[in-house]
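The block underneath contains the structure these notes are about, expressed in structure tokens.
By convention in this document, chain letters (A, B, ...) are assigned in the order of the sequence lines, proteins followed by strands, and residues within each chain are numbered from 1.
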Amino acid sequence: MKINTLNRRDIIKRFGAAAGASAVAPFHTALAEDKNVSQPKRVVFFLQAQGFSDANCAVKGITSGKSLRSEDLPVFIDPLAPHRDKLTIIQGLHGKHTSPAHSAYYGCLGGYRRNKSTPFDITIDCALSKVLPKAPVPLLSVGMESLNRMKQVPIFHATSAWGPGDKASMICDPTFLYRLMFGSVATGQQRKTYDENSKMLDFIAKTSAESAGTLPESGRKKLDPYSDISTFRDSVSSMSDSLKTYMPEYDEKYSAPQHETDWHDAMLDLTIAALKAGLTNVATINSGCGEFYGSWEGLGIDQRGHSLGHLSMTSDIWTKIRQYNMRMLSKLVQALEETPEGNGTMMDNTLIVYTSNNADKQHTNGATWPFMTLGNFGGTIQEGHYIKIENDRPINSFYATLLEAAGHPVEHFNLGGAYEKYDTGKGPLRELLA
Amino acid sequence: MSYKNLQLAFMSIMAIFSPTVRAQGQVVVKSFGKDKIILGPFLIHGICALLLILATTSYGEPALTSEVSQHAFIEKHCIECHDGDTEKGGFNIESLQSVTAANAVEWQKAWEQVSLKEMPPRKKPQPDQLERLHFVNGVIAGLQEASKDQGGFHENLLPTKGNYVDHELLFSSTIKETEPPSTPSRMWRIHPDAYLVKLKELVHNTPEFNPKYPGQLASGDPVIVSKVMTDTGDVRLSLGSDQVMGIRNGSGWLNGFPSVRPVQSLSGERGLQDFPVMYEVTSDEMHLLVTNAKAVLKHMIVGSADVPDYMWRDPKNYTLKRINTMIVNGKEKTFADRETTHLYIKGYQRKYSPFMDVMATEELPTHAQLEKLVPFLFNSLTGRNPRVEELNKQISFIQNEVKVLGKVEGLIVGCVPIFLHPEALYRYEFGSGAPDQYGRVMLAGDELANSIAGALTYMSPDPQLQAALKAGDFRSRADVLREVTRIMDDGSIRKPRILRFFQEYFDYHRAPLVCKDTQSLKAAKVHDTGSQYNLKMNYLVSETDRLIEYILAADRNVLHELLTTNDCIVRARPTIKEEKPFHTYNNATSLSFYNNTTTKYGKRQNQKGEIGIEDIERPIFIREYWASTSVTGPSPWEMMTFPATERCGILTQPSWLIAHSDAMDNHAVFRGRWIRERLLGGGVPEVPITVDAVLPDEPKESLRHRMRVTRAEECWRCHQKMDPLGLPFEMFNHVGKFRKIKNGKQVDENGNPVDASGEIIASGVPELDRKVEDAFELIHRLANSEYVEQVFVRHAFRYWMGRNETINDAPTLKAAHKAYQDNGGSMKALIISLLTSDSFLYRKPVQN
């Protein structure tokens, strides 16, 4: 959605980089961290490629608002059973305006029309990053695919954006991510590579300084950004104690993976480590890299790629894949529960959001788009219930609810101008707020 | 200067002539006891002008210490309606006094209104051009001063404000206050297209120039937008894709290659995109540049080492069965990932680079090898050779890294800094030598060579240019003329910068960016959706590209041809036969956008006028000029001549019409604004923030009817400059089809009769202002105007200079226009004139 087509007044009301400079300021004041109180602090989005249907999370006979405590979860999400009191299943949202057919790409977390190459506006993970307590890495986005693909395309862009046209990087090679995050405290080859890359950045900065010395002031100013080239490295390495504590072991899972699932597990471990170390407060895990392919040979599944999406979401193959996802979520919950924070645990202040970037299935029109959440986000979001959203609300309303929970209510999220008609309701989803 | 002091100063100057100030601000001169009202205003004006001449500094830069003249201008032209009592339009200039950060917004409005000649209102006495210019420059100076600590004021330097300088001052009058032209010293950030081409030339075996097919894609041409399955033109360099012979499953094949995308941002606004003042490389971008550099280096050093054997096309052992599966060694294997379903030619050859010599043995790179490797990379990326100290430092660094990290990793890490060298990311333009009496220095050496190469190409200076530079034969204007002419005449030196100008000038390449509502597409009889629709949009853009290239190849009356030709070049598969109805081409071509007389499955209806290939020789020229421009196979272009009552130049190309439309309908305001700015050299103030610029939701009504709301008094002042220029294009629907004729009259999709009348209002050229019957009459009037030609020259100036013109540039503009005209409307002559002008060749240090 281009800013030009928006009603000017909408621009002020909207959240995001596209809003006028003066309007942005109040929204970007990050929540002050209060260690003694449970508050929204971090969020993890887990996007599964190809689809997540209503059938995958259907609980027999349940009505909206009922607790999940004594319910049987469907087989597809069975591994979440131990966490039923933290789980919320949300049905009834739509994403018709995103035209998900073959993945909504940025439209999934953005709540606007699918576009593979140009995000129209900020996505909800980036938006939350701006209002949750700050961390050195504002967003950690990781991708999981076939081994070949992860090696060949270590950095991808598909589902997260900081603003119109401003794509956020998705890291798909865990060996690269390991070095990025833990290089400064690693040992062996990883440490060596990290150090030499550091020297490389220094050499670049030095070359620029030498050139700048020959230029008049107007030229020198242009080259100022070179001196910031090591800011990320410096801010990460300033957390070396925390990093050392949570650094995973660099074993064969990284260096000699048997199957792509080894690297998927590695990605999850790195994401957990980043959250525990406080390196980031917002993570987006893209199983399938936000597209409509994917590979899970390690689960004994021979089929791969696009054709996987032509199988039913309730098929055996998809049951296997889905349960694998759920085991990942379970691992994530456990890791956060075992880490103390404030007067409780990290999980108390976290929200995990699970959905698919392809709505309910491939070739869908996006009319049904189920979500699951785990955790109560610092006591702001309902947990342990089934919620059916009435009145045909779009996924944007769910995202607006998350912003409200994070302490930054908005009139709407990316629903300005021509998108207004996709929401028959107003405001956040009250049923979801605690 | 405080307001009180200003008043005193003003009054004391007035005292020289002992005038008395009458009501209405008239000044009466008492001369020999008699009142002479007439003289009064002239005297004031004369005094102000005198003071201004004394106060003005160099090349039309905002005059310093001219607050007296500002005050006089305000007294004479503004205060009557905009004082504290009257406050017409809610604007009180009396309260503003000097420019501060707090009132900068109001002053900007004043700058806008006066520059665009909106104020004083047309019916009131007008300041003469110089008076207006000086007032405006004074306001700019004030805005710059006031925002000095908040990032400065640069609005006037943006491409959208180029028309703010009065046309007559540039082309007609001779102004004594100017000095010889020059451009401020600067650094020009590399264009994202140029960045990708530099990387591409390192790794891809792009075909060499073939003089038999001069239009064919060759080394130096831009990385083409992926036309398949992309929404808005995803440009990326897919490393290794130059060697792919076949693919299975077109849908995601590009994702299988390691790829690099352009890093640098562009404004994305309409019009000219790339002024150096607008951009710098940020530290975030640098990290992406490092990542890209590593990917490219890895490909140069080890190629696609991860590529499994079965990807080589070897019919004996590997048979393609059907989509997604292959028989490999007798067993059926499913391929999910796109990269494993690429088929490379046997004996895959990566493009040669000195890395291959280094990798030919197991040995670590020798000093001699690095002495060849580093300059190769350095020159490719920065456009010059490294100096001795630079070379030695870089070689040392690589050797150290190789020692620690091993050969491959060490070479990668060691060579990345070359990709991030400041001169790989910016073109330096500071000039050298002793400044002349105006403080100007001429571009010289590598800077000059890179400026010339960068003006036309995306590559480093070509070997002949480098040789001339080395031999000391590239110094004078005559040298530049010789080299530029040679480059313009040499087809093997690809010049994508020229086509890019026309894209940014016409904006037709924005067609794929317009999101279309599915229902509205259906109503317009377009049945392509999703990726098929995107594909057609990319076809339409490339068809306009080809049409422009065709007209440039002839290089005669270029602007007139561009605006009035009723030829179109279409991408047609199979070859068009007259008797074959358009609808049968729907899936293969974009032809259905050119003609509205068929539906997808219906029969071709009768229509007045012939459509077909008239000139036997031209289609052959077209086919031979371009041959194959598609990566995956030949696609012939065909030229079609449409009735002159249906198509008339670029403004009736579907790509242009769609680029200036919205989700559901035409956008007469965008179209009108385009004409106002790019042909009439005018401008329209920004939409006030309080305005709810939305048309009534009446889907069955014509656009013209719905646009009645712009006739409200507060809207029409600006909209009269746009709407009557845009509404004539109602002859076409929002996807560029010529609207159906029913009972001798055109109707829109709702059956409303089409009213294509319009008007040229306040063009600045009295002979141009008149009502027009339809778009064709409008276009022809404009195309025949010398004034419009001059406006075109102004835009070309801005593109090639990378900045807006000032009154000092008048001689350059006049000379360029003359060169264009004297050579029969030649774009080549125009460009050569611009690139050999003082404006282009001279630099002047920036005052801080």
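Between the side chain of A:Y226 and the backbone N or O of B:L420 there is at least one donor-acceptor pair closer than 3.5 Å. Checked by atom type and distance alone, the side chain of B:H421 never pairs as donor or acceptor with a backbone atom of A:T207 at under 3.5 Å.
Heavy atoms closer than 4.5 Å to chain A are found in both the backbone and the side chain of B:V404. Using a 4.5 Å cut-off between heavy atoms, B:T282 contacts chain A through its backbone alone, with no side-chain atom that close.
Heavy-atom pairs under 4.5 Å with chain B were tallied for A:L308, A:L215, A:I155; the largest tally goes to A:L215. Ranked by heavy-atom pairs shorter than 4.5 Å toward chain A, the options B:E409, B:R186, B:R189, B:Q394 are led by B:Q394. Per-residue counts of heavy-atom pairs under 4.5 Å with chain B were compared for A:G219, A:C289, A:S227; the largest is that of A:G219.
Within the 4.5 Å cutoff, the side chain of A:S169 has heavy atoms near those of the B:L288 side chain. By the 4.5 Å heavy-atom criterion applied to side chains, B:F430 and A:S218 are counted as neighbours. Two residues are said to be in side-chain contact when any heavy atoms from C-beta on lie closer than 4.5 Å; A:K199 and B:E401 meet this criterion. Residues B:K393 and A:E210 meet the side-chain proximity criterion, which asks for heavy atoms closer than 4.5 Å.
Across all their heavy atoms, A:R113 and B:K516 have their closest contact at NH1-O, 3.7 Å. The heavy-atom pair separating B:M286 from A:I229 by the smallest distance is SD-CD1, 3.9 Å.
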A:L223 vs B:Y426, side-chain contact (heavy atoms from CB on, under 4.5 Å): CA-CA, chis, key distance, verdict
CA-CA 10 Å; A:L223 296 181; B:Y426 291 97; 4.0 Å; yes

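A:Y112 OH to B:C515 SG: the interatomic distance, rounded to the nearest 0.5 Å, is 11.5 Å. Atom OG of residue B:S265 and atom CG of residue A:D166 lie 9.0 Å apart, to the nearest 0.5 angstrom. In this structure, the separation between CG on B:N400 and CD on A:E196 is 8.5 Å, given to the nearest 0.5 Å.
A salt bridge is defined here as a Lys NZ or Arg NE, NH1 or NH2 lying under 4.0 Å from an Asp or Glu carboxylate O, and A:K221 with B:E280 fails to meet this definition.
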